[in-house]
Amino acid sequence: MRKLALRDEILESIDKPARYIGHEINAVMKDTSKVDIRFCMCFPDVYEVGMSHLGIMILYDMFNRREDTYCERVYSPWPDLDAIMREKHIPLFAVESQDPIKDFDFLGITLQYEMCYTNVLQVLDLSGIHLLASERGEDEPIVIGGGPCVYNPEPIADFFDIFYIGEGETVYYRMLDTYKSIKASGGTRQDFLRAASHIEGLYVPSLYEVEYDERGLISHFGPKDDAPAVIKRQVVTDLSDTYYPKKPIVPYIKAVQDRVTLEIQRGCIRGCRFCQAGMIYRPIRERSLEFLKQYAIDMIKSTGYEEINLSSLSSSDYTKLKELLEFLITEMGNRKVNISLPSLRIDAFALDVMGKVQDVKKSSITFAPEGGTQYMRDVINKGLTEDQILTGALDAFKLGWNKVKLYFMLGQPFERDEDVCGIPILADKIAREYYENIPKATRNGKVQITVSTSYFVPKPFTPFQWAPQITPDEYLRRKSLLRSTLAEQLNAKSIKYNWHDSDTSILEGLLARGDRRVGAVILEAYRQGALFDAWTDHFDMQKWIRALEKTGVDMDFYTLRERETDEILPWDFIDAGVSKKFLAREYDRARNAVVTLNCRQRCSACGCNEWNTGVCVETRNR
Amino acid sequence: MTLRIRFAKYGALRFIGHLDVMRYFQKVIRRADLPVRYSQGFTPHQIMTFAHPLSLGVSSDAEYMEVDFTEEMDPSEVLERMRAQTSEGFEIISCKVLPEVPEGTRAQSLMSLVSAAEYMISWKDGYDAVPTEEEVRDAIRRLYSRDSIVVEKSTKKTTAETDIKPFIYRIYAPGDAFLEPADPAFAGVPGIARVFAEGIDNTAHADTFENGRKFFVCVASGSAFNIKPGLVTEALCETLGTMYNKHAFALHRMETYKGEDRLVPLES
Ligand code: SF4
Ligand code: SF4
């Protein structure tokens with residue numbers, strides 16, 4: 001029988017012990033004595049969240065296709081086990097072999113959101129790996145970071161040996177080959193890191209230096225010696241001819257995504273100005289219909305899942321969506337597999353499909369206008385008009401829906417009070433569509449409109465990367481303004497308002513646009529006990545405030561300050577595809593509320609056409 | 001057609017909860033591509049029922065589930081196809097076709113059939129001093145010769161004193177030939193009067209320990225009366241004069257029974 005790292009006594013006393021035992025269906029088991037490289041892939045959050053992440057599955061499958069490599073997984077131990085491991089000095093282990101992480105060659109950590117940074121430190125700490133990369137010895141794993149947060153890796157640069165910038169499918173094999181040959185020839189950790197820095201897309205932060213001027217701004221950033229000055233984002237050019245797991249792992253306990261995930265495309269054509277994903281995954285690249293049909297069936301067969309989910313940004317833009325959904329509805333229907341639809345732009349087609357796969361009475365329709373007035377939607381380049389929203393909602397009401405969800409952000413650049421008030425006014429107009437057009441006899445009760453607002457956090461590599469974040473007080477003021485305006489609306493009783501917490505967002509602002517000096521705050525917050533910051537119940541702002549005080553870091557400098565467009569930004573050394581010139585131009589257009597057409601309407605020369613793929617090489621109709 | 005399937009649960013998968021076991025087997029059946037019956041509606045699910053939930057950490061050779069098929073299947077083929085899709089930690093032991101229920105009537109649910117379960121309880125290595133075989137045998141006799149065995153039985157809300165003796169149907173140490181209840185200590189004890197259909201030795205998937213000390217107990221289980229085997233272990237420890245530590249014992253379910261006066265394995 002397999003050995004377990006945790007004794008029965010511990011497994012019996014913690015919540016959901018299945019998080020730690022591994023051996024799930026389709027998990028890869030290899031003889032550890034027969035591989036050269038041991039790679040542990042980490043999602044620094046609880047198992048159920050981490051197991052839902054497609055990126056890890058893709059890389060897990062890709063690494064394990066190599067005979068010389070064994071890729072395993074680790075997640076953040078939940079606080080109950082965390083305490084036991086610290087008390088009993090149990091080293092953190094990989095779920096497959098149950099071996100200590102410290103014995104691995106690599107620890108790869110995916111960074112999907114900034115609020116996981118203290119969990120990164122937890123994983124290193126429990127593994128017995130030095131938190132600071134500079135203190136790590138020859139026998140400690142090489143710690144690599146990847147994922148969307150690495151588009152500004154500087155706040156966590158001290159904790160990582162390498163960052164992989166971009167899509168993992170491209171240069172990981174080269175990195176592993178390099179590692180193997182350096183190890184075989186008796187090279188050191190430093191030898192490997194130097195060699196790695198010359199692989200395109202890999203950033204070795206210890207080989208770079210930063211200087212600041214008297215105002216605290218970056219005055220110089222560059223390689224110490226021969227490392228490249230610019231790190232180029234890695235992009236997969238053909239998504240129908242690349243790694244994708246036919247046999248994803250099926251957890252024993254219910255993951256957040258308890259279904260097969262089919263990534264239909266990568267990137268987005270729309271260019272909403274607040275949206276980092278829309279910029280850093282450019283250009284949009286579709287997977288072929290044939291590829292998707294085949295994988296859908298293979299994955300359903302190999303996992304036994306009862307649900308399949310399409311994943312992408314702005315799925316309605318997938319050009320073969322109709323064909324794909326028609327295929328899935330028939331094919332999955334025969335297999336009694338449910339289809340979980342991505343959020344679609346509400347139109348006749350979307351409503352038709354939704355009506356086929358979900359219960360109209362129970363489900364809701366969703367709009368994400370993100371801004372309350374047309375002016376605001378022009379500022380953020382969200383190509384959704386009031387007319388489209390009202391028509392879409394009315395069409396849905398006629399077909400029996402009566403639940404509407406609306407998503408907005410407060411605090412985006414150039415937002416005025418009237419834009420905030422525009423939010424409840426828009427919600428009320430939707431309610432009026434219902435009450436004025438749907439005869440009482442055919443109504444399915446009251447219309448239920450839910451308005452949610454989040455607190456805008458400016459992100460690197462977006463046109464708003466220079467913009468100030470509003471203060472938490474200002475956010476709360478706008479929230480109250482929204483609430484009081486809502487109370488004045490005719491249909492206020494049919495509208496529910498939820499708002500996002502202000503502390504997490506301002507902290508996210510610090511972590512998103514910080515520089516290397518912010519690392520000290522993260523380390524101190526962790527020492528103060530901050531952990532699972534992405535979990536509202538666990539998040540404790542006081543710990544972060546103490547950390548800021550202790551390290552003397554001025555949060556406002558990073559969050560509230562508007563940057564000059566010629567300032568050296570901490571992430572300037574990354575070539576993400578979208579040029580700084582394009583982003584500055586977009587910021588300017590936002591200021592003037594000028595809309596930019598999407599990639600399929602007209603190319604805006606953002607800089608991503610250098611890859612010669614996806615929408616950049618499509619022939620446009622107009 | 002309904003199949004009653006018996007399976008073992010052991011090793012690391014002792015730590016998978018009851019609902020997750022259900023979800024697990026639904027996926028096994030899907031991967032095995034078996035023609036099972038689904039419920040109606042937007043989110044159809046398989047019609048599958050289980051006998052008696054197993055506590056986390058307990059291994060078993062006697063788990064049962066029932067699955068409805070839409071067409072006649074050869075049970076041995078179902079067995080093979082399911083076996084090909086289960087992982088270490090679960091093993092399909094047998095597959096049996098249930099007799100058709102007469103038109104218009106409903107079969108009794110698997111869960112409500114359960115009346116008793118038998119466990120092997122082993123002392124784990126690495127905890128406090130393990131009693132000798134003689135001490136265990138002696139303690140069992142002393143415990144069971146008492147008129148009543150009163151323990152604190154706690155539910156989520158309340159704690160109450162309960163006499164569990166009537167719900168202990170048999171209790172014995174290895175070597176005590178309980179199946180021939182010759183021991184005068186047990187004469188006239190109500191539990192012993194229950195008739196067991198046949199001898200059982202379903203411990204194939206239990207963990208083994210170097211010290212080798214263990215005992216066996218059959219207790220009332222199911223919706224009418226339910227006694228946790230841990231309660232009996234606790235009472236036995238008290239008789240032995242040792243402190244009870246629940247982590248120091250490994251529990252293994254050997255059989256799940258149906259019937260009242262005559263207990264027969266669910267399988268038969
Ligand atoms: S549609 Fe806009 S918000 Fe959505 S992914 Fe694309 S750019 Fe981002
Ligand atoms: S180069 Fe043009 S088409 Fe390509 S992603 Fe940029 S804006 Fe879109």
Original post:
Is any residue of residues 46-58 of chain B within less than 4.5 Å of chain A by heavy atoms, and which ones?
Top reply: B:Leu56, B:Gly57

Subject >> Donor + acceptor pair across side chains of A:His23, B:Glu88 (<3.5 Å) >> reply: no

Original post:
Rounded to the nearest 0.5 Å, how far apart are CZ of B:Phe249 and CG of A:Asp8?
Top reply: 14.0 Å

**OP:** Determine yes or no for a side-chain-to-main-chain donor-acceptor pair under 3.5 angstrom, with B:Arg31 supplying the side chain and A:Thr303 the backbone.
**Re:** yes

Original post:
CD/A:Glu24 to CD1/B:Ile16 distance, rounded to the nearest 0.5 angstrom?
Top reply: 8.5 Å

Subject >> Worked check of side chain to side chain contact (heavy atoms under 4.5 Å, CB included) between A:Ile25 and B:Tyr24 >> reply: CA-CA 9 Å; A:Ile25 295 294; B:Tyr24 175 82; 4.0 Å; yes

Subject >> Which portion of A:Val357 sits near chain B, non-hydrogen atoms under 4.5 angstrom >> reply: backbone

**OP:** Among the options A:Asp359, A:Leu4, A:Val337, pick out the one with the most heavy-atom pairs lying under 4.5 Å from chain B.
**Re:** A:Asp359

Subject >> More than 12 heavy atoms of other groups within 6.0 Å of A:Glu263 CD >> reply: yes

**OP:** Might you confirm whether atom NZ of B:Lys228 has over 12 heavy atoms from other residues, nucleotides or ligands at distances under 6.0 Å?
**Re:** no

Subject >> Option in A:Arg335, A:Glu306, A:Arg7, A:Lys301 with maximal non-hydrogen atom pairs under 4.5 Å from chain B >> reply: A:Glu306

Subject >> When A:Ala18, A:Ser13, A:Ser302, A:Pro17 are compared by non-hydrogen pairs under 4.5 Å with chain B, the top option >> reply: A:Pro17

Subject >> Intermediate values then yes/no, side chain to side chain contact (heavy atoms under 4.5 Å, CB included), A:Tyr252 and B:Val21 >> reply: CA-CA 8 Å; A:Tyr252 289 111; B:Val21 170; over 6 Å; no

Original post:
Got more than 12 heavy atoms from elsewhere within 6.0 Å of NZ, A:Lys246?
Top reply: yes

Subject >> Atom NZ of B:Lys96: over 12 foreign heavy atoms under 6.0 Å >> reply: yes

**OP:** Kindly determine whether A:Glu9 and B:Tyr127 satisfy side chain to side chain contact (heavy atoms under 4.5 Å, CB included), including the steps that lead there.
**Re:** CA-CA 11 Å; A:Glu9 180 166 340; B:Tyr127 286 89; 2.4 Å; yes

Subject >> Residues of residues 70-83 of chain B with any heavy atom under 4.5 Å of a heavy atom in chain A >> reply: none

Original post:
If you take all heavy atoms of A:Ile253 and B:Arg23, which pair is closest and at what distance?
Top reply: C-NH2, 3.2 Å

Subject >> Per-residue contact mode, A:Lys356 against chain B (heavy atom under 4.5 angstrom) >> reply: backbone

Original post:
Does any non-hydrogen side-chain atom of A:Asn338 lie less than 4.5 Å from one of B:Pro44?
Top reply: yes

Subject >> A:Ile21 versus B:Ala12, closest heavy-atom pair with distance >> reply: CD1-O, 3.3 Å

Subject >> Other residues, nucleotides, ligands: >12 heavy atoms within 6.0 Å of A:Lys405 NZ >> reply: no

